[in-house]
Amino acid sequence: MNIRFRHSRRLALASAAAVSATVLLASCSGGSSGSDALDLTSTPPTGVTLTLWHNTGDSPALLDLYKAYEKASGNTIDLVDLPSDTFTNAVQTKWSTGDRPDILEYLPTSQDMLQLNMAENMVDLSSMDFVKAEGSLAQSAGSLNGTTYGAVLGPNATYGVFYNKKVLAEAGISAPTNYTELEADCSAISAAGATPVFVGGGSEFPAMMIPGFTYMADFNQNDSYGQAVKNGTTKVNDPSGPLVAGLTVLDTLRSSNCLNGDAATATFDDAVQAVFTGSAAMTVLPSDFITQFYTAGNGDTAAVDSAIGLGAISAQKGIASYSPNAYGSYFVPKTGDTTKERAAADFIQWVTSTGYQSYVDEAKIVPTLSTATAPDLTGLSADMKTLLSSPDATLAFNSSLPGFGNYGKIAVSVLVGQATPQGAADQFQTFVDQAIAAQQ
């Protein structure tokens with residue numbers, strides 16, 4: 001059987017997108033009439049066609065996993081392509097019209113899950129074997145209030161600094177592990193003829209990488225910061241708080257000419273090319289971009305690995321944050337068709353058990369399930385494993401942060417000099433307050 005594609009595939013990052021109270025309300029009022037308790041012990045049906053809303057950035061390994069499931073199960077996967085650069089919004093928009101897939105690939109973070117009112121609209125998967133195999137990850141990804149709705153196959157994304165080894169060597173410095181070191185390194189890199197840090201702010205999400213996903217790692221152990229904001233005990237616009245401090249670092253790098261002059265309009269593709277060619281020393285991006293660096297090197301992974309490194313960077317401690325990814329995270333929506341719901345649950349069971357090790361081996365990722373072992377990893381993939389495997393790695397600060405979808409615009413406003421760090425944080429607090437009110 002063949003997977004049917006509806007649109008062409010385009011590789012890009014599925015980064016966090018706008019969280020809309022309108023979509024949340026639509027998802028609550030438009031809940032499906034699906035079953036409340038699906039019998040997951042019954043014999044799975046065969047000969048069923050299952051629609052899967054998926055991210056067009058899915059790796060070849062994930063596409064091969066879908067094909068392998070078809071062969072093993074006798075069911076057919078009908079892929080509905082959703083563009084990776086607007087993935088979250090695309091899912092939420094389709095969802096708000098009442099449309100439902102049989103299997104949904106989606107972000108498993110709590111704030112994103114709330115937008116689809118998963119407690120009402122998704123099949124409870126808590127009794128499935130993969131939950132135990134996920135260990136502590138099952139508490140922070142794919143679950144709400146102790147109930148598991150999604151399976152997270154990985155890869156988890158980690159956030160760090162991609163750097164050109166030759167450029168740093170010519171400047172006489174090593175890769176910085178905190179932003180104090182990075183700021184101090186700017187003059188030496190500039191003197192060596194390269195841009196110190198390249199930001200593709202025209203793609204919006206790269207503007208968040210410095211002040212959010214990396215700087216904030218020091219402050220979100222056990223999701224403490226995100227939970228404190230969610231509970232109202234911490235304000236994102238606290239003048240002495242870490243979010244304002246992170247935005248201040250971004251503003252300082254901008255005003256001290258540490259960034260590329262076109263940071264407001266350049267894209268993430270431009271950032272990859274600049275670091276790969278050596279016109280820039282560093283860029284701060286998710287580990288998902290290892291693939292883009294290999295593409296920039298025309299698939300010569302050995303050459304790219306010898307030229308480019310990936311390291312942890314944060315406010316001071318030099319630790320990495322991580323996020324469960326939309327890629328390889330799956331949910332079973334309630335559609336009212338119990339036959340298809342049961343077949344979709346069988347898909348979850350198969351990809352988290354029989355098919356999982358082969359997927360991990362082909363994708364060359366750090367597994368999220370204890371039932372699989374990581375393949376031998378080298379170069380940038382080994383760097384990624386080091387970041388993810390560190391006992392100090394923290395969940396990214398956005399996981400539980402209400403209103404986070406607006407943070408990209410907030411960071412861009414500082415990047416382009418249109419807002420002060422405090423003013424931007426004040427605006428962000430307004431979005432946070434609105435999101436909290438919408439969820440009550």
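Side chain of Asn398 to backbone of Leu401: no donor-acceptor contact under 3.5 angstrom is found. When atom types are taken as modelled, the side chain of Thr386 and the backbone of Ala382 share a donor-acceptor pair closer than 3.5 angstrom. Using a distance-only test at 3.5 Å, with no hydrogens or angles considered, a donor-acceptor pair links the side chain of Gln357 to the main chain of Thr373. In this structure, Thr93 contributes its side chain and Ala90 its backbone to no donor-acceptor pair below 3.5 Å. The main-chain N or O of Gly154 is found under 3.5 Å from a side-chain atom of Tyr359 such that the two form a donor-acceptor pair. Using a distance-only test at 3.5 Å, with no hydrogens or angles considered, no donor-acceptor pair links the side chain of Asn298 to the main chain of Asp300. A donor-acceptor pair under 3.5 Å links the side-chain atoms of Ser190 to the main chain of Cys186, judged by distance alone. Distance alone, capped at 3.5 Å, places no donor-acceptor pair between the Asn121 side chain and the Pro333 backbone. Of the possible polar contacts, one joining the Ser287 side chain to the Thr158 backbone as a donor-acceptor pair under 3.5 Å is found. Of the possible donor and acceptor atoms, one in the side chain of Ser413 sits under 3.5 Å from a partner among the backbone N and O of Ile410.
Under the ring-ring contact (aromatic ring centres under 6.0 Å, His included) criterion, Tyr159 pairs with Phe213, sequence neighbours left out. For Lys132, there are no salt bridge (charged side-chain N to carboxylate O under 4.0 Å, His left out) partners two or more places apart in sequence or in a different chain. A search for side chain to side chain donor-acceptor pair (under 3.5 Å) contacts involving Thr109 returns Asp112, not counting sequence neighbours.
Taking the six-membered ring where tryptophan is involved, the planes of Phe268 and Phe205 are tilted, since the angle between them lies from 30° to 60°. Using the six-membered ring where Trp is involved, Tyr179 and Tyr215 have ring planes that are tilted, between 30° and 60° apart.
Between the side chains of Glu134 and Thr368, no donor-acceptor pair of N or O atoms lies under 3.5 Å. Side-chain contact, Thr51 with Asp78: no donor N or O sits under 3.5 Å from an acceptor N or O. The closest side-chain donor-acceptor pair between Thr147 and Asp124, if any, does not fall under 3.5 angstrom. No hydrogens or angles considered: nothing links the side chains of Asn55 and Tyr106 as a donor-acceptor pair under 3.5 Å. The closest side-chain donor-acceptor pair between Gln227 and Ser400 falls under 3.5 angstrom. With no hydrogens or angles considered, no side-chain donor-acceptor pair links Gln92 and Thr88 at under 3.5 Å.
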If you apply the rule side chain to side chain contact (heavy atoms under 4.5 Å, CB included), what do you find for Ser110 with Leu144, and how did you get there? CA-CA 6 Å; Ser110 62; Leu144 288 173; 3.8 Å; yes
Where do Asn260 and Val199 land on the side chain to side chain contact (heavy atoms under 4.5 Å, CB included) test, with the steps shown first? CA-CA 7 Å; Asn260 48 306; Val199 176; 4.2 Å; yes
task = Begin from the C-alpha positions of Gln115 and Trp95 and carry the test side chain to side chain contact (heavy atoms under 4.5 Å, CB included) through to its verdict.
result = CA-CA 10 Å; Gln115 303 314 305; Trp95 191 271; over 6 Å; no
Open item on the list: Could you go through Asp218 and Ser314, starting from their C-alpha distance and side-chain angles, then the distance that decides it, and tell me whether this counts as side-chain hydrogen bond (donor to acceptor under 3.5 Å, both in side chains)?
Closed with: CA-CA 6 Å; Asp218 287 1; Ser314 63; 2.7 Å; yes
| said: Walk me through whether Asn237 and Gln422 qualify under side chain to side chain contact (heavy atoms under 4.5 Å, CB included). | reply: CA-CA 7 Å; Asn237 65 339; Gln422 185 63 59; 3.9 Å; yes
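Residue pairs meeting the ring pair (Phe, Tyr, Trp, His ring centres under 6.0 Å) criterion with at least one member in residues 360-381: none, sequence neighbours excluded. Residue pairs meeting the side chain to side chain donor-acceptor pair (under 3.5 Å) criterion with at least one member in residues 265-280, sequence neighbours excluded, are Thr267-Asp270. Annotation: side chain to side chain donor-acceptor pair (under 3.5 Å) contacts involving residues 163-174, sequence neighbours excluded, are absent.
Look at Asp238 and Lys235 and you find no salt bridge, because none of the NZ, NE, NH1 or NH2 atoms lies under 4.0 Å from a carboxylate O. Here Lys94 pairs with Asp99 in a salt bridge; the nearest charged N to carboxylate O distance falls below 4.0 Å.
Tested against Met122 for a side chain to side chain contact (heavy atoms under 4.5 Å, CB included), the candidates Val332, Asn117, Leu116 yield a single pass: Leu116.
Ring centroids of Phe130 and Tyr330 are separated by 6.0 Å or more, keeping the two rings apart. Taking the ring centroids of Phe347 and Tyr69, they lie under the 6.0 Å cut-off. For Phe276 and Phe162, the ring centers are positioned 6.0 Å apart or more.
With a 4.5 Å cut-off on side-chain heavy atoms, Leu62 and Ser59 count as touching.
The distance from the CD1 atom of Ile365 to the CG atom of Leu153 is 7.5 Å, given to the nearest 0.5 Å. Distance NE2/His54 to CG/Leu104: 12.0 Å, rounded to 0.5 Å. Atom CD1 of Ile313 sits about 7.0 Å away from atom CE of Met282, to the nearest 0.5 Å. Rounded to the nearest 0.5 Å, atoms OH (Tyr322) and OG (Ser389) are 11.5 Å apart. Here the CG atom belonging to Leu285 is positioned 11.0 Å from the CD1 atom belonging to Ile290, to the nearest 0.5 angstrom. Within the model, atoms CG of Leu377 and CG of Asp305 stand 10.5 Å from one another, a figure rounded to the nearest 0.5 Å.
For the residue pair Ala424 and Val414, the shortest heavy atom distance occurs at CB-CG2, 3.5 Å. Across Asn325 and Pro108, no two heavy atoms sit closer than the pair O-CD, 3.5 Å.
Applying the 6.0 Å contact sphere to CG of Asn231 captures more than 12 heavy atoms from other residues, nucleotides or ligands.
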